[in-house]
Amino acid sequence: MLVSWNILKTLVQCGSDIGKVCERLTETGSEVESVTRPGKKLSGVRIGKIREIEAHPAKSSLFVAKLDLGGEDAQCVTAATNLSNGDVVAYAAPGATISDGTKMGIRDFDGVESFGMMLSAEELGVPEIGLEFGILRLPADAPLGANAVSYLGLDDVILDLSITPNRGDLLSHVGVARELYALFDDAVFTSPRIERRSDNGEWPIPFKGVFIEDAGCPGYSLGLIRDVRIAPSPIDFRVALTLLGMRPISNIVDATNYCMLLFGQPQHAFDLDTLPDREITVRAAKDKEPILTLDGKMRTMSSSDLLITSGGVPIGVGGVMGGGDSEISDKTRNVVLESAGFVSQRVSTTSRRLGIRSEAAFRFARGVDPELMDPTLSYTLSLIESWKAGNAFPTVVRAVSKIREPKKVSLTKSKMQTILHWSDLSEAGRILGRLGIRRSESDDGSCTYVIPSYRADISIEEDLIEEVARIRGYNDMPSRLPQTFHERGDAGAVTRTQFDLRACAIGRGYVEVVTYAFVSSEAVARLRFPKDDARGKPVKLANPISSDQSDMRTTLLPGLMNALSKSLAAGWRDPVRIFEQGRVFLGDGENREEREQCAGLVFPGRDFKSPYGQSEREDFFSIKGDVIALLSCRGYEAEFRQGSEPFGHAGQTADILLNGERIGWLARLKPAIEREMDYGAPVYAFEFECAPLIEKRRPSFTEIPAYPAVYRDISLLVPCAIPVSTVMEQIRASAAELLWDLRIFDVYQGKGIPEGMRSLAFSLSYRNAKRTLTEEESDEVNNIVRAKLSEKGYILR
Amino acid sequence: MTDLERHIQDIRMAFSEEIAAAETLENLDSLRVRFLGKKGEVTSLLKGLGALPPDERPRAGQFVNLLRDELEEQIRTRKDSLEEKELERLEREDHIDVTLPPRGRTGGGFHPVVETSREIIEIMAGLGFSVALGPEIEDDFYNFEALNIPPSHPARDMQDSFYFPDGKVLRTHTSPVEVRAMRAHGAPIRIVVPGKVYRRDSDPTHSPMFHQLEGLMVDTDVSIADLKGCLGALMNAFFDRPLAARYRGSYFPFTEPSLELDIECIECSGKNPSCRICKGTGWLEVAGLGMTHPDVLRAGGIDPTRYTGFAWGMGLDRMAMLKYGLTDLRVLFEGNVPYLLSGRNRSC
């Protein structure tokens, strides 16, 4: 909401300067977003009258003007062709500056000196107010020699206020002035003088009346202007409208807009002679009823919209925009001026559906004071008359659909005390009084207030408390920490699990990422999920912002893959380790589930080189260590078995198991996918559910063994198809409790080993917890192990 | 001087010359063999003692033994010193360039938004606030209606929220969890709600997905003073120093009264009129807050005549950007490693 300081000054007077006013407005809820001085670069511009203008003696395209500055003379050269003797103009003498900051001087035009220049609307910084090409012509009665900037109102200061949606009453100068009256104890508020018009008198043009058929229109007043002379509105009004962000159009339209900015009541002017009938009816639209709005577009209405009609034909969308067929034009001779009320929800629904964000709709959606209709109409008619733009008829035609009862709200000492730690009811009453909220009844602990019509936002006690609090100011209120504690604050098991996992992953060299929860359909399709896999059927947004972000993710993998692509695109060549925790969205309807997942992705780098050789390169087993560590940080032991995922390398995919249950996967991506994504190196990734880790398992410590261990190595040939984990399980089972530790230290396959076999070498340590184990006892158990392995068909070496 | 004594003297002299010249353990060992070995000079001397007259033998034996002990001692000392020198030589040989990079992985790094969330959760836990979580795909009721946002409210616009074909909505704020938590636990309650929220906006300062942290406290004696106390403590702890705060009136459908909190610019403290962080205003908008609207308490199953509450909401992304000096919001969610590591691990 743009507010003119010049207009505000005519409505409210207080001892504070603009800075203080802005500060108060901001701290009480109407943030001043900017303060601009449109004419700040203009200086030394004065009003002059052309005494004589004639052609340049040498140059045919130029003219030489002699100006009267009210006693002083000046001469300047112009190329403008719109001037003649007696025209009054804005003149910038040498030393003056124009709106773009250019400083005037004396210039020679083929032998004629030009002292400064006469200004166009553009050179004054307000191209919108110009009516013709060339120099801006001012009214003939403009005071010669006077400061043109203040004459035009270009010395104004414009405040841009951010008005919260509950304060429709502040979308006008009168509203802001009234607010300032409440904000400054020394302020004096003067409302604009309004000559009230009586209602329901006879019009000289027969008119059947106004009829309301829908409660969405609480009231509708109509004024009449005859013998309209459509012309531009006075120049200072054109300047004011321009500075307030509205384009000057014509006297009738400008008057309605100006009065809307002044009072907050939108109005609409219809060309009476274009109305299909001499009546106006407000009714609900019929479904799919068409109307041409004045922006030239055909609109299709729905039954919740309000239409202004005449003779059954729509002539306007109530509170949103007028119709194109009854618009004011140069030929308009008679005007009916609508000043009506429309229910905010109805206007807001319609304007949003049609995508029309008009000044009228904006105000109605936030609530327009129902008592403003008539005063605004009267003021507008008087203004039009004062501009000699037509003859306003002294009576209006009016219809009212419901009578409004003033609202009453109580304020209690106890509630105020609880919320504000302050309970001075009489001071509260004083503050509310300056807001126009008057006390009607009171007793010891409470007062009842009558809420003015323009404050529809106030309906409960807390609203009154807010009014008192914001005007007293929040900054001086006391501050304290809560006085009672019921229990300690707890991050909760899910969040703690996430904290642990991220600390572990970051410690192992992962970069934590957060990626979008929505992914593209292509990214999902790329993972090749079969028909029966829920991850292949993501929930889709009804209104995605783009096709890149249309599906809710069912796995964190696409986000991580996308992140890798971004990193590589940014020129990164080093290894990438990223991990993410977040939700995936599975199933639909009743079975919809949001599951917390943890996932990581590792890329060995493009053209990986290290001073320590290729053993430093990331591979399946370096990432496997990360998965083990992640589960271990919550006290769990990860187990792995050969597995499969549609997007996983057929030979390099593992299931991650916890207590025998599958909780996720660890895999190299399918080489085909790696190629599609143009990664240029293998990509490893893992993902698992967080839920099984939520209950943290505490490690339980044992005593340090008191007796030494005995070490034996076993080397054997095993068919390649048998996983190491199986062999280790078999060793454990046959050695029973004397086996203290078992490690594999060599795997070999190739030259010297029969086809289909591989050589495995294990180191076993035997220990008896109660006494020193003898060599003989160790040999005995080791021989049993060897024999059992031999029985399995493995070849001992 | 007897022959023996002279002989001993010769050996001693020869030995001391040679041991001084023994520069390696091998030299030293051959020296030992020459003098003290089975056929060594000292050994032969001892063996020759039998040829002496019996009355001279004890004295001669004593001399030779003394010589042997003396040579052994010298060899031992010399050996120790040579061994030490050898180790020193080996150390010099095993010199490495300690400025080479480390083996293994380079360091990882946190995501500023997640880290911010953790920091705030921990600060608020100290004030008795526990984490509450809720669904990201929400019902219209919890996301809007229960929060006093009527159907005609602009926030309900299809333009502003993400919807699903079944009418569910991606939560536009973390506030629905307030109502869920109140319904689940009743009063008194003290919660913080961190999480992802979604709005249909995408430009350099808006991301369709972003993060909020919401707080709610409901008890029998909760006031704006408690709200100010808690948020002041939060801000000072989060930014590691006491900051000036400014509370302004505002409007939210779910609080009454409603306020906004500005903190002193963490970059310039209001001293730089062209500060890029506060745009010269000296203040940073960090949170929306207020006393929980009675309608919202009622929607949460709490009697507003017995209890009052306060709530606040803040953008975690904004807090992270302020604290960690980030400028572009959307880059935060691209997972771009060079960007996420830009604050650390710079290799040159």
Side-chain angles (χ1 to χ4, degrees), chain A residues 26-29 164-166 345 348-349 352 418-421 460 462-463 465-466 469-470 474-475 477-482 485-486 488-492 494-495 499 506 509-517 539 541-543 545 549 563 566-567 570 572 576-578 583 585 592 594 611-612, chain B residues 100 103 105-111 113-114 118 121 124-131 133 135-137 152 157-158 162-166 188 196 200 202 208-209 217 221 223-226 228-229 232-233 246-251 256-257 259 291 294 308 332-338 340-341:
Chain A
T26 295
E27 71 187 16
T28 51
T164 54
N166 59 325
Q345 289 88 332
S348 127
T349 307
R352 267 162 41 209
T418 307
I419 292 178
L420 304 181
H421 288 202
I460 57 171
E462 284 78 359
D463 294 323
I465 293 175
E466 173 169 62
R470 72 183 179 88
Y474 292 108
N475 290 315
M477 284 187 197
S479 164
R480 70 172 191 189
L481 286 177
F485 270 79
H486 303 286
R488 72 182 180 88
D490 181 8
V494 172
T495 307
F499 287 175
I506 293 166
Y510 281 74
V511 174
E512 182 177 36
V513 300
V514 175
T515 67
Y516 289 106
V539 189
L541 287 168
N543 58 340
I545 205 160
Q549 304 185 325
K566 287 270 184 209
S567 303
W572 190 263
V576 169
R577 287 172 298 276
I578 47 179
R583 291 187 192 170
F585 304 83
R592 182 173 290 159
E594 295 183 14
Y612 311 110
Chain B
L100 277 169
R103 198 184 275 282
R105 294 167 165 178
T106 51
F110 61 72
H111 191 280
V113 174
V114 187
R118 186 193 62 79
I121 287 169
M124 293 318 294
L127 291 169
F129 286 76
S130 293
V131 170
L133 301 171
E136 290 173 25
I137 298 180
S152 65
D157 204 318
M158 280 290 278
F162 288 108
Y163 285 92
F164 293 96
D166 64 0
K196 291 190 170 75
R200 266 186 113 256
S202 191
M209 178 190 86
M217 170 173 177
D221 177 28
S223 63
I224 287 180
D226 297 291
K228 288 178 70 176
R246 178 173 81 166
Y247 292 86
R248 289 184 283 115
S250 189
Y251 167 76
E256 193 70 51
L259 296 77
M291 300 301 292
T308 49
L332 281 173
F333 310 127
E334 285 181 351
N336 188 328
V337 170
L340 289 169
L341 285 178

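To find a chain, count down the sequence lines: A is the first, B the second, and so on, and within it residues start at 1. Predicted, not measured: the structure shown is a model, and the values here were computed from it.
- Of the two parts of A:Arg480, the backbone and the side chain both hold a non-hydrogen atom closer than 4.5 Å to a non-hydrogen atom of chain B.
- Checked against side chain to side chain contact (heavy atoms under 4.5 Å, CB included), A:Thr28 has the following partners two or more places apart in sequence or in another chain: A:Arg24, A:Glu179, A:Leu183, A:Arg470.
- Proximity to chain B (any heavy atom under 4.5 Å) is shown, for A:Ile419, by both the backbone and the side chain.
- Looking at B:Asp221, the atoms closer than 4.5 Å to chain A (heavy atoms on both sides) sit in the backbone and in the side chain alike.
- Highest contact tally toward chain B, considering only A:Ile460, A:Leu481, A:Ile506, A:Ile465, is held by A:Ile506 [criterion: heavy-atom pairs under 4.5 Å].
- Of the two parts of B:Phe129, only the backbone, made up of N, CA, C and O, holds a non-hydrogen atom closer than 4.5 Å to a non-hydrogen atom of chain A.
- At a 4.5 Å heavy-atom cutoff, the contact between A:Thr418 and chain B is made by backbone and side-chain atoms alike.
- Of the two parts of A:Phe499, only the side chain, counted from C-beta on, holds a non-hydrogen atom closer than 4.5 Å to a non-hydrogen atom of chain B.
- Ranked by heavy-atom pairs under 4.5 Å with chain B, the first of A:Trp572, A:Tyr516, A:Tyr510 is A:Tyr516.
- Proximity to chain B involves both the backbone and the side chain of A:Val514, based on heavy atoms less than 4.5 angstrom apart.
- Between A:Glu594 and A:Arg583 there is a salt bridge, with a side-chain nitrogen of the basic residue lying less than 4.0 Å from a carboxylate oxygen of the acidic one.
- For A:Gln345, the parts lying near chain B are the backbone and the side chain together; criterion is any non-hydrogen pair under 4.5 Å.
- Looking at B:Ser202, both its backbone and its side chain come within 4.5 Å of chain A, counting heavy atoms on both sides.
- Note: A:Ala517 leads A:Gly492, A:Ala517, A:Pro611, A:Ala469 in heavy-atom pairs under 4.5 Å with chain B.
- In this structure A:Asn166 satisfies the side chain to side chain contact (heavy atoms under 4.5 Å, CB included) test together with A:Thr164, A:Asp457, B:Tyr251, sequence neighbours excluded.
- B:Pro165 touches chain A through backbone and side chain together, each having a heavy atom under 4.5 Å away.
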